[in-house]
2 protein chains.
Amino acid sequence: MARTKKGKGQEPEQVPEIDIFREYIRRKGLRFTPEREIIVREIFEIHDHFDVDELYLRLRNKGKKLSKASIYRTIPLLKDCGLIQEVYHEDGHMHYEHVYGHEPHAHLRCLTCRRVDEFTDERLREIERDVSERFGYRLTGFRFELIGYCPECLKKEIS
Amino acid sequence: MARTKKGKGQEPEQVPEIDIFREYIRRKGLRFTPEREIIVREIFEIHDHFDVDELYLRLRNKGKKLSKASIYRTIPLLKDCGLIQEVYHEDGHMHYEHVYGHEPHAHLRCLTCRRVDEFTDERLREIERDVSERFGYRLTGFRFELIGYCPECLKKEIS
DNA sequence: AGACAGTTGAATTTCTTTAACAATTTTTTA
DNA sequence: TAAAAAATTGTTAAAGAAATTCAACTGTCT
């Protein structure tokens with residue numbers, strides 16, 4: 001799942017996520033605490049979808065003892081400042097992904113094996129733009145999921 | 001929120017949802033019980049997004065005393081036979097919508113007032129078709145959400 | 001340095017969804 | 001038509017996610 005494009009090489013420089021967050025926090029009159037910093041840094045070391053429990057376990061394994069409550073409290077902040085986004089609710093809990101610095105993309109989900117592929121399509125942007133105009137919305141993001149059965153699962157299935 | 005198009009007038013006849021469901025149930029060797037019938041009929045009298053609790057209350061108000069467990073048990077059946085679909089997870093629970101007999105459409109969601117608008121776009125179908133070919137998936141549906149702020153909320157906001 | 005307001009972790013609570021189970025109903029089989 | 005097999009229901013309990021409460025603590029600002 002190569003989903004990321006770090007701002008290295010010839011791509012234009014990108015403000016680090018942590019700075020975006022710090023700035024957002026300050027603008028809101030909140031506090032940039034060590035806990036929040038640890039959580040945010042960890043999230044951006046994961047280069048794939050993640051969930052609260054995974055994040056919590058990763059931090060524990062690194063010896064960082066944060067409460068889940070802090071994670072639950074930090075996530076809305078990250079959503080609000082446009083760094084992450086909810087992707088899908090599965091297995092009883094929400095899954096998230098990075099947004100900032102990532103090409104807007106869509107997901108292909110297999111109902112059988114739960115594999116998730118990603119793709120981009122120029123037309124999504126166009127639709128976004130058109131609809132935004134037509135309805136007068138100011139859009140902050142989109143979520144596009146195609147749901148079905150992947151080629152592997154189709155092969156296995158004999159019906 | 002006019003989301004529905006009943007198969008009346010000059011539109012082609014459509015097999016009633018309940019028949020689709022009955023047929024699916026029979027094919028699976030399950031049983032078409034009165035409880036299931038009541039639930040399915042109620043769902044298709046709602047012409048908007050719905051959730052389990054709303055459905056439960058509607059039934060109670062009509063004097064139909066079904067357990068929530070039965071609703072929770074019926075929903076996956078309706079999803080499996082393509083009559084309904086999950087739309088989004090909000091306020092701690094899942095929301096559903098009809099699929100069968102409805103033009104595939106996308107949602108526009110306002111983060112402030114939670115209003116949901118709908119629209120269709122021919123390009124969504126095209127993308128669906130193209131991606132399906134490219135990745136070899138057999139698709140059963142899609143979910144497309146544009147997230148942002150509606151014109152009304154933008155007006156109220158003074159920043 | 002001191003005051004204020006925001007934050008943390010632990011425990012608790014709320015809420016959704018699933019599961020277990022005994023009683024019941026339907027279907028199948030003989 | 002009766003007995004056996006299988007599925008379904010409601011109730012109750014359980015599991016789990018997410019939000020909340022609160023006392024202790026810690027940045028931030030002056």
Side-chain angles (χ1 to χ4, degrees), chain A residues 18 21-43 49-60 62-81 84-96 114, chain B residues 18 21-43 49-60 62-81 84-96 114:
Chain A
I18 197 72
F21 182 69
R22 190 186 284 113
E23 172 55 23
Y24 168 80
I25 284 293
R26 216 165 44 75
R27 203 172 52 240
K28 288 279 239 178
L30 303 176
R31 290 180 191 162
F32 187 72
T33 65
E35 288 84 359
R36 285 177 177 162
E37 177 163 8
I38 289 170
I39 291 167
V40 175
R41 288 197 185 280
E42 189 62 36
I43 284 177
H49 300 161
F50 66 95
D51 56 60
V52 169
D53 206 57
E54 180 191 342
L55 185 54
Y56 178 71
L57 291 176
R58 283 178 62 118
L59 288 169
R60 291 215 116 235
K62 292 189 178 181
K64 317 268 172 97
K65 294 222 196 67
L66 298 175
S67 71
K68 273 194 185 176
S70 288
I71 297 178
Y72 278 115
R73 285 188 280 231
T74 302
I75 282 181
L77 300 174
L78 287 164
K79 283 184 4 186
D80 284 353
C81 66
I84 68 172
Q85 188 186 28
E86 297 182 346
V87 219
Y88 49 81
H89 189 267
E90 193 175 70
D91 300 318
H93 59 268
M94 191 55 75
H95 296 249
Y96 303 88
R114 303 197 152 177
Chain B
I18 198 72
F21 181 69
R22 190 188 283 113
E23 172 55 23
Y24 168 81
I25 285 291
R26 217 164 43 74
R27 204 170 54 240
K28 289 278 241 180
L30 304 175
R31 290 174 193 168
F32 187 72
T33 65
E35 288 83 359
R36 285 177 178 162
E37 177 163 7
I38 289 168
I39 291 168
V40 174
R41 287 197 187 281
E42 189 62 35
I43 284 177
H49 300 162
F50 66 94
D51 57 58
V52 168
D53 206 56
E54 180 190 343
L55 185 54
Y56 178 69
L57 292 176
R58 284 178 62 117
L59 289 169
R60 290 215 117 238
K62 293 189 177 181
K64 318 267 173 99
K65 293 222 196 66
L66 298 175
S67 69
K68 271 195 185 174
S70 288
I71 297 178
Y72 277 114
R73 284 188 282 230
T74 303
I75 282 181
L77 300 174
L78 287 165
K79 284 183 5 185
D80 283 353
C81 66
I84 68 171
Q85 188 186 29
E86 296 181 346
V87 220
Y88 48 81
H89 183 88
E90 193 173 72
D91 299 318
H93 58 267
M94 191 55 74
H95 297 249
Y96 302 88
R114 302 198 154 176

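Labels below follow one simple rule: chain letters A, B, ... track the order of the sequence lines, proteins then strands, and each chain is numbered from 1. Source: prediction; values computed, not measured.
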Among C:dG9, D:dT11, C:dT17, the one nearest B:Met94 by side-chain distance: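 Looking only at heavy atoms from C-beta outward on B:Met94, the closest nucleotide is C:dT17.
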
Candidates D:dG27, C:dA19, D:dT20 - which lies nearest the side chain of A:Pro34: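 My answer, after comparing the listed nucleotides, is D:dG27.
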
Without decimals, in angstroms, what is the distance between [X] [atom1] and [N] [atom2]?
X: A:Leu55; N: D:dA17; atom1: CG; atom2: P; result: 14 Å
X: B:Lys79; N: C:dT17; atom1: NZ; atom2: C1'; result: 12 Å
X: A:Leu66; N: D:dT26; atom1: CG; atom2: P; result: 14 Å
X: A:Ile25; N: C:dA5; atom1: CD1; atom2: C1'; result: 14 Å
X: A:Leu59; N: C:dT8; atom1: CG; atom2: C1'; result: 15 Å
X: A:Ile71; N: D:dA17; atom1: CD1; atom2: P; result: 12 Å
X: B:Tyr96; N: C:dT17; atom1: OH; atom2: C1'; result: 9 Å
X: A:Ile39; N: C:dT7; atom1: CD1; atom2: C1'; result: 11 Å

Heavy-atom donor-acceptor pair, B:Arg22 side chain to B:Phe32 backbone, under 3.5 Å: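 No; judged by distance alone, with no hydrogens or angles, the pair does not exist.
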
Straight-line distance of [X] [atom1] to [Y] [atom2], nearest 0.5 Å:
X: B:Asp91; Y: B:Asp51; atom1: CG; atom2: CG; result: 8.5 Å
X: A:Ile71; Y: A:Ile39; atom1: CD1; atom2: CD1; result: 5.0 Å
X: B:Leu66; Y: B:Arg73; atom1: CG; atom2: CZ; result: 11.0 Å
X: A:Phe21; Y: A:Arg41; atom1: CZ; atom2: CZ; result: 11.0 Å

B:Arg31 (side chain) and D:dT8 (base): donor-acceptor pair under 3.5 Å: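 Donor-acceptor pair under 3.5 Å: no.
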
Under-4.0 Å side-chain N/O to phosphate OP1/OP2 contact, B:Thr33 with C:dT25: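 Checking B:Thr33 against C:dT25: no side-chain N or O falls below 4.0 Å of OP1 or OP2.
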
N/O (side chain, A:Tyr72) to phosphate O (OP1/OP2, D:dA18) under 4.0 Å: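 So the side-chain polar atoms of A:Tyr72 do come within 4.0 Å of the phosphate oxygens OP1 or OP2 of D:dA18, strictly under.
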
Sugar-phosphate, base or nothing in reach of A:Lys65, heavy atoms under 4.0 Å: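 Counting heavy atoms under 4.0 Å across all strands, the contact made by A:Lys65 is with sugar-phosphate only.
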
Touch class at under 4.0 angstrom, heavy-atom based, for B:Arg73 against every strand present: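 The residue B:Arg73 makes base contact.
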
Contact nearer the 5' end of DNA chain D, comparing B:His89 with B:Arg36: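 By nearest-heavy-atom nucleotide position, the 5'-most residue is B:Arg36.
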
